[in-house]
Amino acid sequence: MDQTTKKVKSMYERYPYPSGNPSIRAGFDARLLLSYVAKKKDTDTPLHVLDAGCGRGPGVLGAASLQPDVNFTAIDINSVGLAQAKANAEARGLTNVNFVQADLMTLEGVDVPPGGFDVIYSSGVLHHLATPQIGLNNLANILAPHGVISLMLYGSFGRQALYRLIEGIDIVSSNKDEIEDRLPLARVLTEEADNTIFKGNYWQGTYRNPDVEFVDTCLNVNEVSYDVASLWKFIDSAKMKFVRWIDPDVWSVDRRFNNPLLLARLRELSEFEQYQVIERLFEIPKLELIICKADNTAAETVDIAELESSQFAVNPEASFSVEKRNLNQSQRIESLSYKIRHSKSQSVTDPLLAQIILLLAEQTTCFTGSEIISVLSQNGADKNSAIELIYELLEKEIIFIP
C-alpha cells in the first residue's frame, strides 16, 4: 500500500464517512443506468453491481433495499466504515450485499463475476486516490462490455470558494499537524467564511457539519478535482466514453439561459464547449456522469417502427404528486405534478398527458408501446398524437426502455 493510500485510510478510519442513514442517490437504479447505452446484456443472469468506495454504506444500502434482485459488492479501504455498513445491512435484513475491504489502486480481493460487473458506482472516491487514473483504469478492466460506470468527481470550478478557505486553513493551522488539533481553528475560520466567500452559495453552513463531514470537506489529506477538459482526458485515458450527465438539465444551455442572442450562439458550439461555458458560469461542485467502454455508445431514441413492440417502464427516479378533493360521492383532481430526481416539480395541465401520468403513477411492471397507444386511444387520442406523447414521456424521462 502506497503512502498516500495509508494516509487516506487512516483519516477515514478515524473519521468514517459519510454519516447518515441509507439514502436514495441519483443514478441508483441498475436497469435505468444500463438503458443509457446501446449494448445490452446478452443473458438473463442477475445483475451484478459494484460500489467502488462505499464508506459507511448509505448509498449502496439504499440502492440494495430497492433492488432485491440485484447482487451488490461494496468495497472500501476503510475497515471502520465497512464494519458499520455491514452491521446496518444485517440490521435491515439485506442479503444482497457483500462487503469487501479492498484498495482501488489494486482491487486485490475483489471477486469479479464472469464477464465483469454490469454497473459500477464510484461516487466521490477516485479523486482521493494516490493516482486516480490507475483507479479508473482498474474499474474499466472489470466492467462488462455492456456495462456502465456511474461516476462522481469533484468539479474544480465549483469548488473555488472552498479551495480558498482550505488555503486559509492551511496558513493558520499547518496541514502537517494532527487533524484533531486543526479542527477548532478550522471550524472558526469556516464559520467566518459564511459571511464572506461562502455567503449564499453551496458551501454556506459547512462549519455546522459533523466532524466526519467537515474533515472530508475541509481537512482532507488528499484530493484532486477536475474541469470538463481534464475530465474528458481522464475518461479517454481509461479507454472509456462519456454517455451522459446524471442530470442533463444541469448541463443544458436551453435550461440555463434565456437570452435568444446568447442561446443562438451557444447552440452553434459543440456540446463539449457548451459544458465548458456552463461550468464557468454556474457553481457545480460535483461532476456526476455516466461512462461506458469506448466501443459502446449511448442508446439511440427508439425508432418509430419499433415503438409499439418496445417494452417500457416507469423511471424509478420519477415521483408523482396528486392532490384530490373529496366531494359528495366523488373525487376531483385539483393538481398533478411530477419530478425527476431532485429537480423542481413540473405541473401537468394537458388533459391527455395528465391521464397517462395518472396511470403511470400506479404502474410497477413493464408495458409495451402498443398498450400505451391503446390506453390513449380510449381517452380520445389518435395514433399519431399517442406516438408523439410517448416520445414526450421519453424526452421528459418519465418512462424508459429497460
Side-chain angles (χ1 to χ4, degrees), residues 17-37 47 49-67 70 72 74 85 97 117-127 139 143 147-155 158-159 202 213 216-217 225-226 228 231 235 240 242-252 255-256 275 278-279 282-292 298-299 313-321 337-346 360-361 393-402:
Y17 175 90
S19 59
N21 294 318
S23 59
I24 308 305
R25 58 188 172 190
F28 78 90
D29 189 84
R31 289 191 310 153
L32 179 63
L33 293 175
L34 290 169
S35 76
Y36 295 149
V37 291
L47 294 176
V49 175
L50 173 69
D51 191 325
C54 66
R56 292 164 69 179
V60 72
L61 296 181
S65 66
L66 295 180
Q67 301 170 93
V70 175
F72 289 84
V97 190
F117 286 98
D118 300 292
V119 173
I120 297 176
Y121 301 140
S122 178
S123 181
V125 180
L126 292 180
H127 45 235
L139 295 181
L143 183 69
V148 296
I149 298 179
S150 177
L151 183 64
M152 187 279 276
L153 296 166
Y154 290 158
R159 300 175 75 83
Y202 177 89
E213 313 285 345
D216 175 73
T217 303
S225 59
Y226 297 82
V228 166
L231 174 63
I235 296 168
M240 299 289 285
F242 173 81
V243 176
R244 56 167 280 161
W245 300 104
I246 289 285
D247 189 348
D249 285 353
V250 172
W251 296 92
S252 167
R255 298 288 187 184
R256 289 293 200 176
Y275 301 153
I278 288 171
E279 72 176 343
F282 298 93
E283 188 178 47
I284 307 175
K286 299 176 182 180
L287 308 180
E288 299 176 286
L289 62 152
I290 306 299
I291 61 176
C292 67
V314 178
N315 185 345
E317 295 190 328
S319 58
F320 307 93
S321 178
S337 62
Y338 69 92
K339 67 176 182 177
I340 310 297
R341 290 173 289 273
H342 305 299
S343 61
K344 293 181 179 179
S345 293
Q346 303 294 316
L360 293 175
L393 293 169
L394 285 169
E395 182 182 0
K396 294 178 182 295
E397 298 195 271
I398 296 170
I399 61 175
F400 74 107
I401 300 177

Subject >> Heavy-atom side-chain contact between F320 and K339 under 4.5 Å >> reply: no

Original post:
Is T217 reaching over with its side chain to a backbone N or O of E213, donor-acceptor style, under 3.5 angstrom?
Top reply: yes

**OP:** Mark yes or no for whether E317, through its side chain, and G27, through its backbone, hold a donor-acceptor pair below 3.5 Å.
**Re:** yes

Subject >> Over-ring placement of R31 relative to F400, 6.0 Å and 45° cut-offs >> reply: no

Original post:
Mind checking whether S35 and I401 have side chains closer than 4.5 Å, heavy atoms only?
Top reply: no

Subject >> Parallel, tilted or perpendicular: ring planes of W251 versus Y275, cut at 30 and 60 degrees >> reply: perpendicular

Original post:
Between V250 and W245, is a side-chain contact (heavy atoms from CB on, under 4.5 Å) present by the stated rule, with each step listed?
Top reply: CA-CA 8 Å; V250 172; W245 300 104; over 6 Å; no

**OP:** Kindly indicate whether the side chain of F72, heavy atoms from C-beta on, has any atom under 4.5 Å from the side chain of F117.
**Re:** no

**OP:** Tell me whether the guanidinium CZ or amine NZ of R256 lies under 6.0 angstrom from the six-membered ring centre of F282 and within 45° of its axis.
**Re:** yes

Original post:
Could you state the interatomic distance from CZ (F28) to OG (S123), rounded to the nearest 0.5 Å?
Top reply: 14.5 Å

**OP:** Please examine the side chains of L33 and I149, heavy atoms only from C-beta on, and report whether any two atoms are closer than 4.5 Å.
**Re:** no

**OP:** Please step through side-chain contact (heavy atoms from CB on, under 4.5 Å) for the pair L66 and D29, ending with a clear verdict.
**Re:** CA-CA 8 Å; L66 295 180; D29 189 84; over 6 Å; no

Original post:
Would you call S122 and S150 a side-chain contact if the rule is heavy atoms closer than 4.5 Å?
Top reply: no

**OP:** Measure the spacing between OG of S319 and CD1 of I340 and express it to the nearest 0.5 Å.
**Re:** 7.5 Å

Original post:
Measuring from M240:CE to L139:CG, what's the distance to the nearest 0.5 Å?
Top reply: 8.5 Å

Original post:
To the nearest 0.5 Å, how far apart are CG in L126 and CG in L151?
Top reply: 6.0 Å

Original post:
Is a donor on one side and an acceptor on the other found under 3.5 Å between the side chain of E283 and the backbone of Y202?
Top reply: yes

**OP:** Please check if the side chain of S252 supplies one atom and the backbone of P248 the other of a donor-acceptor pair under 3.5 Å.
**Re:** no

Subject >> Distance in Å, L393 CG paired with I399 CD1, rounded so as to fall on 0.5 Å steps >> reply: 4.5 Å

**OP:** Side-chain contact test, heavy atoms from C-beta onward, threshold under 4.5 Å: evaluate it for V119 versus L50 and give yes or no.
**Re:** no

Original post:
Are the side chain of Y36 and the backbone N or O of R244 linked by a donor-acceptor pair below 3.5 Å?
Top reply: no

Original post:
Between the main-chain N or O of D247 and the side-chain N or O of E397, is there a donor-acceptor pair closer than 3.5 Å?
Top reply: no

Original post:
Short question: side chain of H127, backbone of Y154 - any donor-acceptor pair under 3.5 Å?
Top reply: yes

**OP:** Would you please test K286 and E279 for salt bridge (charged side-chain N to carboxylate O under 4.0 Å, His left out) and show each step?
**Re:** CA-CA 10 Å; K286 299 176 182 180; E279 72 176 343; over 6 Å; no

Subject >> Option passing side chain to side chain contact (heavy atoms under 4.5 Å, CB included) with L289 (candidates V243, I246, I235) >> reply: I235

Subject >> L394 side, atom CG; N315 side, atom CG - distance, nearest 0.5 Å >> reply: 10.5 Å

**OP:** May I ask you to decide if K344's main-chain N or O and Q346's side chain share a donor-acceptor pair within less than 3.5 Å?
**Re:** yes

Subject >> Stepwise side-chain contact (heavy atoms from CB on, under 4.5 Å) test for V228 and I278 >> reply: CA-CA 10 Å; V228 166; I278 288 171; over 6 Å; no

Subject >> Pair D118-L34, side-chain contact (heavy atoms from CB on, under 4.5 Å): steps then yes or no >> reply: CA-CA 8 Å; D118 300 292; L34 290 169; 4.3 Å; yes

